[in-house]
Visitor: 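Before I ask anything, here is the structure I am working with.
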Amino acid sequence: MAEDALLSGIRKSFNIGAPAEVEILHGIDITLEHGAFCALIGPSGSGKSTLLNIIGLLDRQSAGRLVIGGKDTQGLDDAALTRLRGETIGFVFQAHNLIPAFTAAENVMMPMLLSRGWADAAMRAAAEALLDRVGMTRWRDARVGNLSGGQAQRVSIARALMMKPVLVLADEPTGNLDTAAADGVFDMMHTMNQEQGMTFLIVTHDPRLAKRCGRIIELVDGQVVQGAA
Ligand SMILES: Nc1ncnc2c1ncn2[C@@H]1O[C@H](COP(=O)(O)OP(=O)(O)O)[C@@H](O)[C@H]1O
Ligand SMILES: [Mg+2]
């Protein structure tokens, strides 16, 4: 399988109260090749998060075909989608969504705790190895509430990678960070892409960071701008 995500004619409408239905995504065609390091840019409200949530199987499209990790998602029920999401996708959000009262290592272990069947020592070892990879070994037993924004975002990248996803979806992962911290987090993702071959799709407002991606997809008013990709 050469591609991790294949989108064909993806449309999304929201029901905003009778009788109005408003279409946000107007037929999106995107192929994400395995190992791609790709930026998704576009004005606020253009549909970037909506699109990411559909690719990440958190929300369903209204029309169109979505193939994730070689699996056509049409006809999959919620349980099957949840399983496919767990096996395939890692998420990094702008607000890191970590649990502040838990340590860095505990937060990274969380996806494995939820999926069960893992020995404590194996989980701990996997979490520590990932925290090492993102340069957070010193802080692995620190509560996340005591970390800086950049440090917390590194922890959330480690957590996203815990289940060995083929595709990492990051929605403005550096949006709350200063330039130096944003560069650090971005470099981290790039290294993971280069060394582990994980595919990344990164929403960013920062043209400087977007230019460092191998590919830029631009969304305007719910459509991919032709030529940009
Ligand atoms: N659940 C929802 N119900 C209704 N409208 C929504 C919903 N989610 C997003 N929208 C609308 O869809 C448009 C695109 O939103 P979004 O995908 O968040 O854009 P972006 O991430 O590019 O800023 C916006 O106009 C937003 O108000
Ligand atoms: Mg958004």
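Whatever order the structure lists them in is the order used to number ligands and atoms, beginning at 1. FYI, the numbering just counts along the sequence from 1.
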Visitor: Do Arg65 and Asp72 sit within salt-bridge range, that is, some charged N less than 4.0 Å from a carboxylate O?
Guide: yes
Visitor: Do the rings of Phe186 and Phe37 sit parallel, tilted or perpendicular, given the 30° and 60° boundaries?
Guide: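 Because their plane-to-plane angle is over 60°, the rings of Phe186 and Phe37 count as perpendicular.
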Visitor: In order of chain and number, which residues sit within 4.0 Å of ligand 1 by heavy atom?
Guide: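 Close residues (ligand 1, cut-off 4.0 Å): Phe14, Ile16, Ile24, Pro43, Ser44, Gly45, Ser46, Gly47, Lys48, Ser49, Thr50.
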Visitor: Sequence neighbours excluded and cut-off under 3.5 Å, please list the side-chain donor-acceptor pairs for residues 105-112, or say none.
Guide:
from   : atom 1 : to     : atom 2 : distance (Å)
Glu106 : OE1    : Thr103 : N      : 2.9
Glu106 : OE1    : Thr103 : OG1    : 3.4
Asn107 : OD1    : Ile99  : N      : 2.7
Asn107 : ND2    : Ile99  : O      : 3.0
Asn107 : ND2    : Phe102 : O      : 3.4
Asn107 : ND2    : Thr103 : O      : 3.0

Visitor: Can you list every pair that meets side chain to side chain donor-acceptor pair (under 3.5 Å) and has a residue in residues 7-16, with sequence neighbours left out?
Guide: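 As it turns out, the side chain to side chain donor-acceptor pair (under 3.5 Å) pairs with a partner in residues 7-16, which skip direct neighbours, are Arg11-Glu23, Lys12-Asp59.
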Visitor: The Mg ion (ligand 2) to Ser49: any N/O/S contact under 2.8 Å?
Guide: yes
Visitor: To the nearest 0.5 Å, tell me how far Glu172 CD sits from Ser49 OG.
Guide: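 Rounded to the nearest 0.5 Å, the CD-OG separation comes to 6.0 Å.
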Visitor: May I have all residue pairs that pass side chain to side chain donor-acceptor pair (under 3.5 Å) and include part of residues 150-160, sequence neighbours excluded?
Guide: Ser148-Gln151, Gln153-Ser156
